[in-house]
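For reference, the structure discussed in these notes is given below.
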Amino acid sequence: MSPTEAVLVALAGVAAGTINTVVGSGTLITFPTLLAFGVPPVTANVSNTVGLVPGSLSGVVGYRRELAGQRARIVRLGSASLLGGIAGALLLLWLPSSAFDAIVPVLIALGVLLVLLGPRIQRSVAARAESRGGIPDHGVWWVWPAVAATGVYGGYFGAAQGVLLMAVLGIGVADTMQRHTATKNVLALLVNAVAAAVFIGVADIDWAVAGLIALGSVVGGQLGAGVGRRLPPVLLRAVIAVVGIVALAVLLV
């Protein structure tokens, strides 16, 4: 890798870390960049996953203020993400890559739709929950299995995992979009870390590539926290939808 290519990979890591912190789908920047520079697809995939984990942690740190008071929620939903991520990583080893090809675009499209319709659906969910004593802090009953299912998806594939998580949290958990973003970052970090651990154990990592992406994504995580925190709820919802639509278009093309 030439010095110019190394700089571009690091910059792609910055962009991916920024997008991952606000929404998700940063892989749609780093992965094609690595392929363009001649990194083999499998090596690019696993090295990219490992490299983006520090950026995910950086995003969590950047949103630490919004995590205040969410310890019990994070522990409960984090267990779902952890178990789901492990299952997804194991499926990655056992199933052919074509197994999820048909369902991935459907899931992303559904996630975008749910994000856009989130406020209306959330009001309906809240009204029903009110008759049962209101929405618990950790969300309605189906949030845990939905987060676990998203973890399976994230451990296996990962692109636009954040869109799906924001849809689940925005509908089933009563809180602000900014606090949901902070929760999403923690849950996505758990899933990505599990997948990275599996890859480190069974695959060949290009540590130079992973290191460059890690450095860039750590910077991007902090930038994303600064940008995302300034977005009003409606605009943040729009950004999530746009990123999800772009991810869908890339996958279909």
Side-chain angles (χ1 to χ4, degrees), residues 4-37 39 44-45 47-67 108 111-112 115 150 154 157-167 169-170 176-193 195-196 209-251:
T4 300
E5 290 174 340
V7 170
L8 291 175
V9 168
L11 289 176
V14 173
T18 303
I19 293 174
N20 278 343
T21 300
V22 179
V23 186
S25 301
T27 291
L28 296 178
I29 294 177
T30 47
F31 185 67
T33 299
L34 296 179
L35 294 182
F37 292 152
V39 181
N45 182 34
S47 303
N48 175 69
T49 299
V50 172
L52 286 177
V53 170
S56 297
L57 179 59
S58 176
V60 170
V61 173
Y63 261 95
R64 63 189 180 278
R65 196 165 65 213
E66 286 75 12
L67 288 172
I108 295 176
V112 170
V115 166
T150 303
F157 186 71
Q161 176 188 188
V163 174
L164 297 176
L165 282 172
M166 289 298 288
L169 296 172
T176 67
M177 286 289 288
Q178 292 295 344
R179 284 169 63 81
H180 287 330
T181 299
T183 305
K184 176 266 297 179
N185 287 340
V186 175
L187 300 181
L189 169 62
L190 291 173
V191 173
N192 294 340
V209 165
L212 289 169
I213 292 176
L215 289 174
S217 66
V218 167
V219 175
Q222 296 303 302
L223 292 175
V227 171
R229 187 176 283 119
R230 290 177 173 83
L231 295 177
V234 173
L235 184 55
L236 178 57
R237 200 178 297 276
V239 170
I240 294 171
V242 169
V243 171
I245 292 170
V246 171
L248 180 63
V250 170
L251 290 172

Looking at every non-hydrogen atom in both residues, tell me the closest pair between [X] and [Y] and how far apart they are.
X	Y	result
Asn20	Gly26	OD1-N, 2.7 Å
Ala225	Thr21	N-CG2, 3.6 Å
Val53	Ala196	CG2-CB, 3.7 Å
Ala210	Val50	CB-CG1, 4.4 Å

* Can you tell if the side chain of Val219 reaches within under 4.5 Å of the side chain of Leu215, non-hydrogen atoms only? ->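 A side-chain contact is absent here, since even the closest heavy-atom pair is not under 4.5 Å.
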
Once you round to the nearest 0.5 Å, how far does [atom1] of [X] lie from [atom2] of [Y]?
X	Y	atom1	atom2	result
Leu223	Ile19	CG	CD1	11.5 Å
Gln161	Leu164	CD	CG	8.0 Å
Gln178	Leu231	CD	CG	7.0 Å
Leu67	Thr181	CG	OG1	10.5 Å

In short, side-chain hydrogen bond (donor to acceptor under 3.5 Å, both in side chains) pairs touching residues 182-191 with sequence neighbours left out are Gln70-Thr183

Could you note down all residue pairs passing side-chain hydrogen bond (donor to acceptor under 3.5 Å, both in side chains) where residues 214-228 supplies at least one of them, sequence neighbours left out?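 Applying side-chain hydrogen bond (donor to acceptor under 3.5 Å, both in side chains) to every pair that reaches into residues 214-228, excluding sequence neighbours, yields Ser58-Gln222.
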
Check your understanding: Would you find a donor on one side and an acceptor on the other, under 3.5 Å apart, between the side chain of His180 and the backbone of Met166?
Key -> no

Residue set satisfying side chain to side chain donor-acceptor pair (under 3.5 Å) with Asn48, at least two apart, ordered chain then number -> Thr27, Thr30

So salt bridge (Lys or Arg N to Asp or Glu O under 4.0 Å) across residues 48-63, not counting sequence neighbours, yields none

Salt bridge (Lys or Arg N to Asp or Glu O under 4.0 Å) pairs touching residues 222-231, sequence neighbours excluded, are Glu66-Arg229

Q: Please say which of Ile29, Leu35, Thr33, Leu34 ends up in a side chain to side chain contact (heavy atoms under 4.5 Å, CB included) with Phe31.
A: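 Only match with Phe31 under side chain to side chain contact (heavy atoms under 4.5 Å, CB included): Leu35.
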
Residues 6-17 side chain polar contacts: donor-acceptor under 3.5 Å, at least two apart:
none

